[in-house]
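Working notes, beginning with the structure itself.
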Amino acid sequence: MEARNWWKEAVVYQIYPRSFMDSNGDGIGDLKGIISKLDYLKDLGVDVIWLSPVYQSPNDDNGYDISDYYSIMGEFGTMEDFDALLDGAHKRGIKIVMDLVVNHTSDRHKWFIESRKSKDNPYRDYYIWREGKDGKEPNNWGSRFRGSAWEYDEETDMYYLHSYSKKQPDLNWENVKVREDIYQMMDWWCQKGIDGFRMDVISMISKDQSFPDGEVKGLYGDFSPYIMNGPKVHDYLKEMNHKVLSRYDLMTVGETIGVTTGEAKKYASCKGDELNMIFQFEHVWLSEGKLGKWTDKKVDLIELKNVMSKWQTELKGKAWNSLYWDNHDQPRAVSRFGNDSTKYRNLSAKMLATCLHMMKGTPYIYQGEELGMTNVRFEKLEDYKDIDTLNTYEEYVSNGLVTKEEMMRYIHCKSRDNARTPMQWNDNSNAGFTAGIPWIKINPNYIDINAEAQVNDPDSVYSYYKKLISLRKQYDIIVYGNYQLLEKDHEKLFIYSRTLGNEKLLILCNFTEDIVDYGPEKEWESATVLIDNYSGVERKSNQLLPYEARVLYSYS
Ligand code: GLC
Ligand code: CA
């Protein structure tokens, strides 16, 4: 068995503060709101909260554009509130992992305000400035939020790079002063007692310094090969590890967009010289089409099994996995991988949870996932708030890449706002999220799907998650057992086993609404059922009912 670590045994719960709980009726979730729900999280049993950014920000990208790393966003509260949150969480045995957004800052950050003033400003090289080419951008790169990745700045007649919105200029990690300032800031938060970092697009911090044109996809060139997993990214992370991370007992997870399993073995190596684990994107990029993520294509189960299993087996003994179906950038898990109809919503939400939590790695729950919250369908574009959704609609529709109707369909499947409608606490007005007008509309299904209805119901999705989390605390095999995919060509079932010493688990998941015949091998006849989502329902042992999940345990 590999080395024990608390972060391998933990379950992480992601909070998107803007949409979690509003304490003062301004329609925006805040820190006091989170504090008021700590007992809820304690009851659920999670070990770690990953807090999406709470730093001062003009909110061009909801906090992922930071203007001061040392202060709290006014709308969310104060530093005293933060300290109270940290303290309240710690008292309940819950750790707090902060989002660390250091690929870019806000254009309102003092470094950038200085940087753009003149070519010889001491902060000039904190960002990536280039001369134009023949009166145009330095190269053809498109930003991930549409438009060119370069913005012209009149002041000095040069362009700056922004991989995301033009209000999110990319920091220049080549500059040692930038790195030192970032490490100092990280250290300041560690001194405060936080328990780790989730590092935003950390795979993008090192850019190919020749800045070549990218292959044109859609309207712009693709920067991925020159920015993702760039030439010095591992040097920088080793340096960060040496200067900050290794000096504290932290949990670190990198959002490594574009990562391969080969790269992951460096980022999240068991050697511990960079990060503890990373988020890979292969399973959430599976259904991509010619317009990238903007499609309504469903993911193919065989491909999904392939990708998940590849990460399970290739990282074995070399690096640690993180496990997720959704987060604040992805559609709701049950709508995407399961079935969000009234009939199958709860069953498929539980099935997906089983499938993920029984794999090897640290599982992440995104707020509301534990209730089976679903995608939302706003009919009007104005009801969407996400910069990615709005910019993409504008660029694709006005350039005739899609019709308005098509784009709305894609938005219903893929918009990040699917995950950002407020938490559904109860069936009172505004789902108990706010006494005011919520910053984004509530999903109308809060009447049926809400926490209050689920916490005391033993058959709820919530209670099922609670049980999964507690099983993890009882069985080492769930954390440390070896993974093996079975029936890899089965089109309806996802079946795998875990092994640790004399113990064995068999995980059976039906990803369809069909009844599927499947009888496990004889050796499982006397096994015990650890958890299943049809308990109390009479059924045959050689059949799986629609969206059934069953976990068998045997000891020899
Ligand atoms: C990450 C965040 C996303 C944000 C982007 C730019 O992907 O998860 O929400 O928009 O980085 O910071
Ligand atoms: Ca508020």
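Because only heavy atoms are used, hydrogens play no part in the values below, and waters and symmetry mates are left out as well, while side chains stay in. Note that the structure is predicted; figures quoted are calculated from it, not measured. Indexing begins at 1, ligand by ligand and atom by atom, following the structure's order.
Electrostatic pairing of D181 and K177 does not count as a salt bridge here, judged by no charged N lying under 4.0 Å from a carboxylate O. One finds a salt bridge joining R198 and D200 here, because a Lys/Arg side-chain nitrogen approaches an Asp/Glu carboxylate oxygen to under 4.0 Å.
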Salt bridge (charged side-chain N to carboxylate O under 4.0 Å, His left out) evaluation trace for K167 with D65:
CA-CA 7 Å; K167 295 184 177 174; D65 48 322; over 6 Å; no
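In this structure, H283 and W325 have tilted ring planes: the angle between them lies in the 30° to 60° band. Aromatic ring orientation, Y55 versus Y69: perpendicular (interplanar angle above 60°, classes split at 30° and 60°). Between W173 and Y236, the ring-plane angle classifies as tilted under the 30° and 60° cut-offs. Classified by interplanar angle (parallel below 30°, tilted 30° to 60°, perpendicular above 60°), the ring pair W141/F223 is perpendicular. Using cut-offs of 30° and 60° on the angle between ring planes, the pair F112 and W129 is parallel.
For the Ca ion (ligand 2), the count of nearby protein N, O or S atoms, meaning those under 3.0 Å away, is 5.
Within the 4.5 Å cutoff, the side chain of S36 has heavy atoms near those of the M21 side chain.
For a heavy-atom separation below 4.0 Å, the residues in contact with ligand 1 are D61, Y64, H104, F145, Y164, Q168, R198, D200, V201, E255, H328, D329, R416, R420.
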